[in-house]
Undergrad: 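Handing you a structure now.
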Amino acid sequence: MPRAATGGITAAFLRAQAPHMAPLASRIARAFPGLATAAATRFAPSSSASSPRLGLVPRLRSARSFSGARASPVSGAVSGSSTSEEGQQLQSELIFLGTGTSEGIPRVSCLTHPTKICPVCTKAAEPGNPNRRRNTSILLRHATPSGTTNIVVDAGKFFYHSALQWFPTFGLRTIDGVIITHSHADAIGGLDCLRDWTNNVQSSIPIYVAERDYEVMKMTHYYLVDTSVVIPGAAVSALQFNIIKEEPFMVHNLEVIPLPVWHGQGYRSLGFRFGDVCYISDVSDIPEETYKLLENCELLIMDALRPDRSSSTHFGLPRALEEVRKIKPTKTLFTGMMHLMDHEKVNSDLARLIGTDGLDIQLSYDGLRIPVRL
């Protein structure tokens with residue numbers, strides 16, 4: 001299968017930061033009239049001639065063209081395709097609901113420190129800044145002739161906050177499935193928040209989870225697993241648990257291939273492959289047998305916690321770059337960044353690799369939406 005041309009994505013990321021926050025600007029203006037002028041200036045969408053839009057493409061675009069989608073400032077619905085695009089192939093999308101660590105960025109401890117100033121957390125406190133990061137999570141909008149399904153990977157502690165921002169922005173409503181990478185709080189802490197959907201939008205949500213993580217959920221979310229303990233009349237999330245193994249499975253006609261990895265010594269976590277997209281959010285080591293599942297990866301989304309070194313449970317930037325060279329994807333987006341990873345600075349450094357090493361790598365950010373071939 002031919003690959004898209006390789007290219008850097010720094011310029012498109014910078015162009016995308018203003019348009020995808022346009023709906024937020026109107027909400028800020030209503031809530032804080034005194035900030036109306038500043039917010040309108042900061043988040044005003046580009047002119048129609050230069051504004052990025054999500055077109056229909058036969059394959060995943062070059063990373064150079066990755067950009068946040070522009071939403072209608074009135075309804076929050078995603079801008080539609082032009083008339084000339086009607087009848088072309090349906091386009092699936094991947095949306096980053098969160099790209100940060102378990103505690104998120106900014107940190108309260110940094111913003112309240114009496115003497116030290118954290119540059120990244122200070123930037124992240126500004127609405128719309130790409131350093132503002134919630135728990136790692138993606139949403140796949142899988143478009144087929146029979147309809148479109150919304151499949152979420154992980155629902156962590158900040159999931160509801162992510163949904164409050166990005167579901168209206170991108171015209172999302174239903175959740176047709178949640179796939180779990182592992183059973184830490186930043187991956188399952190938001191399962192209780194799914195009650196808003198099962199109480200008001202749909203009857204239930206299927207959850208796809210490994211047996212070992214399901215056993216953890218029996219303790220952490222016992223009332224969601226065994227609803228017989230719920231007080232009559234109480235409305236909790238209605239979830240349908242599906243046990244997955246380390247072999248391909250289907251979610252609404254989408255094949256999902258688990259990518260087993262280690263997330264600390266002796267702790268198994270799962271990445272997932274969707275078509276030519278490989279997603280590994282929490283990893284400290286990759287078993288040899290998993291590399292074969294990563295062959296011919298077009299878009300790699302991988303854990304990169306900090307700029308200097310790895311931790312016992314996460315790749316740092318140096319190790320992540322080593323793995324990119326080994327896996328050889330066409331394009332790479334890093335995720336799971338802590339507050340030592342300044343979005344603009346690290347992206348500027350990574351952009352040089354396209355010329356020196358032929359590596360097309362950038363940091364993702366919350367709210368980034370890209371077209372994908374699933």
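In what follows, every heavy atom counts, from backbone to side chain, and hydrogens, waters and symmetry copies are set aside.
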Undergrad: Between D276 and K331, is there a side-chain N and carboxylate O pair less than 4.0 Å apart?
TA: no
Undergrad: Can a donor-acceptor pair be found, under 3.5 Å and without considering hydrogens, that links the side chain of T122 to the backbone of C118?
TA: yes
Undergrad: Tell me whether the rings of F170 and W166 are parallel (<30°), tilted (30 to 60°) or perpendicular (>60°).
TA: parallel
Undergrad: How close do L191 and M217 get, heavy atom to heavy atom, and via which atoms?
TA: CD1-CE, 3.9 Å
Undergrad: If you look only at pairs with a residue in residues 216-237, which of them pass as a ring-ring contact (aromatic ring centres under 6.0 Å, His included), with sequence neighbours excluded?
TA: none
Undergrad: Provide the closest heavy-atom pair for V236 versus N199 in the form atom of the first, atom of the second, distance.
TA: O-OD1, 4.0 Å
Undergrad: What I want to check is whether the side chains of S204 and Q240 have a donor and an acceptor closer together than 3.5 Å.
TA: yes
Undergrad: Where the side chain of D154 meets the backbone of T181, is there a donor-acceptor pair that is under 3.5 Å apart?
TA: yes
Undergrad: Give, for atom CD1 of I361 and atom CG of L353, the distance between the pair rounded to the nearest 0.5 Å.
TA: 5.5 Å
Undergrad: Are the side chains of F159 and L97 in touch, meaning some heavy atoms are under 4.5 Å apart?
TA: yes
Undergrad: Should H314 and H263 be marked as a side-chain contact (heavy atoms from CB on, under 4.5 Å) after you check the CA-CA gap, both sets of side-chain angles, and the distance that decides it?
TA: CA-CA 7 Å; H314 293 275; H263 182 26; 3.4 Å; yes
Undergrad: Tell me whether R352 contacts the main-chain N or O of I354 through its side chain, where contact means a donor paired with an acceptor under 3.5 Å.
TA: no
Undergrad: Is it the case that the ring center of F274 lies less than 6.0 angstrom away from the ring center of H142?
TA: no
Undergrad: Minimum heavy-atom separation for A351 to Q362, with atom names?
TA: N-NE2, 3.7 Å
Undergrad: Do S364 and M337 have side chains that get closer than 4.5 Å, going by heavy atoms?
TA: yes
Undergrad: Return the CE to CD1 distance between M302 and I280, rounded to the nearest 0.5 Å.
TA: 4.5 Å
Undergrad: I'd like to know if the side chain of N131 reaches the main chain of A124, judged simply by a donor and an acceptor atom lying under 3.5 Å from each other, with no hydrogens or angles considered.
TA: no
Undergrad: Going hydrophobic residue to hydrophobic residue with side-chain gaps under 4.5 angstrom, can you get from L305 over to V120?
TA: no
Undergrad: Treat each ILVMFWY residue as a node, draw an edge where side-chain heavy atoms are under 4.5 Å apart, and state whether Y365 and V153 are in one component.
TA: yes
Undergrad: To the nearest 0.5 Å, tell me how far T101 OG1 sits from L340 CG.
TA: 10.0 Å
Undergrad: Apply side-chain contact (heavy atoms from CB on, under 4.5 Å) to residues L350 and L321 and explain how you reach the verdict.
TA: CA-CA 10 Å; L350 291 174; L321 290 172; 4.2 Å; yes
Undergrad: Kindly compute the distance separating CG (L374) from CD (Q91), expressed to the nearest 0.5 Å.
TA: 8.5 Å
Undergrad: What I'd like to find out is whether the side chain of D285 reaches to under 4.5 Å of the side chain of R319, using heavy atoms alone.
TA: yes
Undergrad: Any ring-ring contact (aromatic ring centres under 6.0 Å, His included) pairs touching residues 235-254, not counting sequence neighbours?
TA: Y208-F249, Y214-F241
Undergrad: Check the hydrophobic clustering (I, L, V, M, F, W, Y; side-chain heavy atoms under 4.5 Å; chains of links allowed) and say if F334 and M338 are grouped together.
TA: no
Undergrad: Any heavy-atom pair between the side chains of L293 and P260 that's under 4.5 Å?
TA: yes
Undergrad: Are T174 and W197 packed together at the side-chain level, in the sense that at least one heavy-atom pair is separated by less than 4.5 angstrom?
TA: no
Undergrad: Describe, in one word, how the ring planes of H182 and Y267 are oriented to each other, choosing from parallel (under 30°), tilted (30 to 60°) and perpendicular (over 60°).
TA: perpendicular
Undergrad: Check whether I243 and I188 end up in the same hydrophobic cluster, where Ile, Leu, Val, Met, Phe, Trp and Tyr are linked by side-chain heavy atoms less than 4.5 Å apart.
TA: yes
Undergrad: Is the closest side-chain heavy-atom distance between I207 and N242 below 4.5 Å?
TA: no
Undergrad: With a 4.0 Å cut-off on N to O distance, would you call R268 and E246 a salt bridge?
TA: yes
Undergrad: Minimum heavy-atom separation for C297 to C278, with atom names?
TA: SG-SG, 3.4 Å
Undergrad: Is there side-chain contact between H184 and D282, with heavy atoms separated by less than 4.5 Å?
TA: no
Undergrad: What pairs with R132 under side-chain hydrogen bond (donor to acceptor under 3.5 Å, both in side chains), at least two apart in sequence or on another chain?
TA: none
Undergrad: Under 3.5 Å, is there a donor-acceptor pair between the side chain of N347 and the main chain of L363?
TA: yes
Undergrad: Tell me the closest heavy-atom pair linking S137 and V152, and the distance in Å.
TA: OG-CG1, 3.9 Å
Undergrad: Check whether I179 and F158 end up in the same hydrophobic cluster, where Ile, Leu, Val, Met, Phe, Trp and Tyr are linked by side-chain heavy atoms less than 4.5 Å apart.
TA: no
Undergrad: Considering only NZ, NE, NH1 and NH2 on the basic side and carboxylate oxygens on the acidic side, decide whether K218 and E215 come within less than 4.0 Å.
TA: yes
Undergrad: Can you list the residues that meet the ring pair (Phe, Tyr, Trp, His ring centres under 6.0 Å) rule with F96, with sequence neighbours excluded?
TA: none
Undergrad: Are more than 12 heavy atoms from other residues, nucleotides or ligands located less than 6.0 Å from atom CD of E289?
TA: yes
Undergrad: Show, in sequence, the C-alpha distance, side-chain angles and deciding distance for L299 and L333, and conclude whether the side-chain contact (heavy atoms from CB on, under 4.5 Å) test is met.
TA: CA-CA 8 Å; L299 172 62; L333 290 170; 4.1 Å; yes
Undergrad: Are the side chains of F315 and I286 in touch, meaning some heavy atoms are under 4.5 Å apart?
TA: yes
Undergrad: Do R173 side-chain atoms and V201 backbone N/O form a donor-acceptor pair below 3.5 Å?
TA: no
Undergrad: Decide yes or no on salt bridge (charged side-chain N to carboxylate O under 4.0 Å, His left out) for E295 and K292, but give the supporting numbers first.
TA: CA-CA 5 Å; E295 291 179 355; K292 185 165 289 294; 3.7 Å; yes
Undergrad: Which one of L194, N150, T198 satisfies the side-chain contact (heavy atoms from CB on, under 4.5 Å) criterion with I175?
TA: L194
Undergrad: Using only atom types and a distance under 3.5 Å, with no angle test, would you say the side chain of E93 pairs donor to acceptor with the backbone of L140?
TA: no
Undergrad: If you round to the nearest 0.5 Å, how far is OG of S146 from CG of L90?
TA: 9.5 Å
Undergrad: Tell me whether S284 contacts the main-chain N or O of G264 through its side chain, where contact means a donor paired with an acceptor under 3.5 Å.
TA: yes
Undergrad: Got more than 12 heavy atoms from elsewhere within 6.0 Å of CG, N253?
TA: no
Undergrad: Looking only at heavy atoms, what is the nearest atom pair of A320 and D303, with distance?
TA: CB-O, 3.7 Å
Undergrad: Which residues satisfy the salt bridge (charged side-chain N to carboxylate O under 4.0 Å, His left out) test with D357, sequence neighbours excluded?
TA: R325
Undergrad: Under the side-chain contact (heavy atoms from CB on, under 4.5 Å) criterion, do V283 and E323 qualify, and how do the steps go?
TA: CA-CA 11 Å; V283 57; E323 295 297 333; over 6 Å; no
Undergrad: Which distance, rounded to the nearest 0.5 Å, do you find between the CD1 of I105 and the CG of D342?
TA: 11.5 Å
Undergrad: Donor-acceptor pair, distance only, cut-off 3.5 Å: does the side chain of S92 make one with the backbone of R373?
TA: no
Undergrad: Under the ring pair (Phe, Tyr, Trp, His ring centres under 6.0 Å) test, which residues partner H339, sequence neighbours left out?
TA: none
